[in-house]
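Just so you know, these numbers use all the heavy atoms, side chains as well, and skip hydrogens, waters and symmetry mates. Order of the sequence lines sets the chain letters (A, B, ...), proteins ahead of strands, with each chain counted from 1. Quick caveat, the model's predicted, so the values are computed rather than measured.
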Amino acid sequence: MSADPITPVLTKRWLSPQSWRLSTYEKLEGYTAIRKALAGTPEQLVQLVKDAGLRGRGGAGFPAGVKWSFMPPNEDKPHYLVINADEGEPGTCKDIPLMMADPHSLIEGCVIAAYAMRSHHCFIYVRGEALHCIRRLNAAVREAYEAGYLGKNILGSGFDLDITVHAGAGAYICGEETALLDSLEGRRGQPRLKPPFPAAAGLYAAPTTVNNVETIASVPFIVNGGADWFRQMGSEKSPGPKIFSISGHVERPGQYEAPLGTTLRELLELCGGMKDGIPLKFWTPGGSSTPLFTAEHLDVPLDFEGAAEAGSMLGTTAVQVFNETVSVPWAVMKWTQFYEHESCGKCTPCREGTYWLAQILERMVAGRGTEEDIDTLLDVCDNILGRSFCALGDGAVSPITSGIKYFRDEFLALCEDNRAKQELVGAQA
Amino acid sequence: MTTPSETPRPGPRPAKQTFAAAGEDVDVMAISPVQEEGMLTDDRPASPFDDDIVAKARELAARYPQSRSALLPMLHLVQSVEGYVSQEGVAFCADQLGLSEAEVSAVVTFYTMYKRRPCGEHLVSVCTNTLCAALGGDAIYQRLQEHLGSDGKPLGHEEVAGTPGEPGSIMLEHAECLAACDLGPVLQVNYEYYDNQTPEKAVELVDALRRGEKPAPSRGAPLSDFKSVERQLAGFFPEDTDAFRADVDGPSQAVETLRGAQLAADRGWTAPALPDDVPLPEVEHK
């Protein structure tokens, strides 16, 4: 049996009036999974999440249950659960609407995940610019404490949990989990060398798990529905529903929660097709750090395997759609300026590389490029990819290498324009 | 063994000490590279941080297992008082958390939300990342730069139109992706969302702000000002329940946000039904 084109799970309460309130949440099966989870053992919950095949929704797709199982079974040191709500990857806009619309689903997920990992303090690190989410989360946490879903001896289970909502201060790099931990410790948000991984030495050097908002918000549904139910959506290796955020030159941009493995062709049908009928030129499957796709890739199944096999990555399923009116070198330049600005400066390849990449691209877009610049760009990219400290560097080269791979002619045209102008000047002289 | 001298702290005191060593016949003010008011007087300017702020700072430090974690919220608190992070603000946080001013400065300069120059009553942030830019974000930013500029000079990034802190003053900035791509081009005023903008709408909006009006955001709480929202970012919300609820219940259900859910409702599409009473998996006890 195949699932419907849209499978609202995380988004199913969003249409309800004041969906963010505890009273609404409780009316719509909210805080039922927590009772079931707290009646079980942490091991059972870890096993359940493994069985469900839930993969991290923050971009990397690491199996959440496996990540949870890395946490030590003893409690020699305090354990921490940290929620990565620092949504900032260009194109990505799923966690912010989720936290605005249904903050209690995240909180319920936090209680279950914290119980499974024997943590008694959870931090939700929210991007500072997402002020309205911070408000809603604070209000929801307050409501949850008053109702006994947080605090000491939750629902008489003997389990204690405190949640602290923490506002960031504007740094994309803090979405990288170890940079996030440094930032949460009150430092510059710079990534740490791994290993040790956070499960061994994370926040305050104690065992820590960092999970994305959408991942954790999925957990209450898995607890209630079970692994088999979850696996009725999506593919074998990438099960479950996923919020696809469709933006750009489409008729009806928005949030569409569909099974993993849905293709862009299907998504375009849902959102009314290309805006004003102007043909598709390029798109990102999951934010700007995932290599570009073109109209050739309309039928690539958007799950972790499908996107990777086609030469990109699923990322955050932030589908940014650009039509024929947009210049690829210009778009690539804008993204590169973003990475240059957001590079934390810790490692040389990324700090210096993004700086030079932006300079070259700016020159090319201004019409002063040469053919040699294309080789220089690729050479610099080659020196960043796999050689930088964290994934920011890898992400920074994605738009450039994929842009040149599919649209080399456009980069060349910039250079040829340049040559034509020079000849003109020469003719006049 | 020599006694280590105390690490000099920037500010009026070391400046005074330095110049005192220069001898009486030197006109220290004339040769000073900086002309800071009160530089040679005994008392530092009165701390802008009153007892209430000190109490809040202590509360923040107590929220975390290790007090240094309170630094980011505390810097937001500093901005809620001063409208930016001044050197006094850096010293205040350093004092509260037992850090050096260098450690605090390192953090302040890393994050874009900490302003090193006085902000306007409002902060207007225009997304100029690729997608918003392609949909008109660059044009909006450029138009606002020109519109808010003076003497034929466009207003630059993080520059203020009007007198900082005065009613109607506006700091303009270009922002990276504001995570509202389905609603682009977007801008934020004091971090409240104004969705689906055009250059014309944006000009109308900043004109209203300059007149002292507070147009409602598309998504977010009723518009206040930069300092008030910084207090919320520090983790302090209105004490009055009704005022807090009014903020929290500010709109968020944009058409775009709900599109998928609405389409599913219209077409009768659902996720597979949740089965009843699925037991948790059995696991072996180790």
Seminar exercise, completed: When the 4.5 angstrom heavy-atom criterion is applied to Asn190(B) and chain A, the contacting part is backbone
Exercise. Tell me, side chain or backbone of Pro185(B) under 4.5 Å from chain A's heavy atoms, or both, or neither?
Worked result: neither
Exercise. Non-hydrogen atoms of chain B under 4.5 Å away: do they reach the side chain of Cys344(A), the backbone, both or neither?
Worked result: both
Using residues 259-271 of chain B as the side-chain source, report each donor-acceptor pair under 3.5 Å to any protein atom, sequence neighbours left out, with the distance given to one decimal.
{"unit_1": "Arg259(B)", "atom_1": "NH1", "unit_2": "Pro253(A)", "atom_2": "O", "d": "2.7"}
{"unit_1": "Gln262(B)", "atom_1": "NE2", "unit_2": "Asp266(B)", "atom_2": "OD1", "d": "3.0"}

Exercise. So which pairs with a foot in residues 77-86 of chain B pass salt bridge (charged side-chain N to carboxylate O under 4.0 Å, His left out), sequence neighbours left out?
Worked result: none
Problem set entry | Residue Ala180(B) versus chain A: region with a heavy atom under 4.5 Å | backbone
Exercise. Just wondering, do Thr109(B) and Arg188(A) contact through their side chains at under 4.5 Å, heavy atoms?
Worked result: yes
Exercise. Partners of Phe338(A) by ring-ring contact (aromatic ring centres under 6.0 Å, His included), sequence neighbours excluded?
Worked result: Tyr172(A)
Problem set entry | From Cys181(B) atom SG to Lys94(A) atom NZ, the distance as rounded to the nearest 0.5 Å | 12.5 Å
For this session: Any chance you could measure His174(B), atom NE2, to Gln337(A), atom CD, to the nearest 0.5 Å?
Result: 9.0 Å
Exercise. Ring pair (Phe, Tyr, Trp, His ring centres under 6.0 Å) between Tyr64(B) and His166(A): does it pass, once the steps are laid out?
Worked result: CA-CA 10 Å; Tyr64(B) 296 89; His166(A) 182 94; 5.5 Å; yes
Problem set entry | For chain A, which residues of residues 120-130 of chain B have heavy atoms nearer than 4.5 angstrom | Thr128(B), Asn129(B), Thr130(B)
Seminar exercise, completed: Between the CG atom in Leu184(A) and the CZ atom in Arg68(B), the distance rounded to the nearest 0.5 Å is 12.0 Å
Seminar exercise, completed: Cut-off 4.5 Å, heavy atoms of chain A, and the answer for Glu103(B) is neither
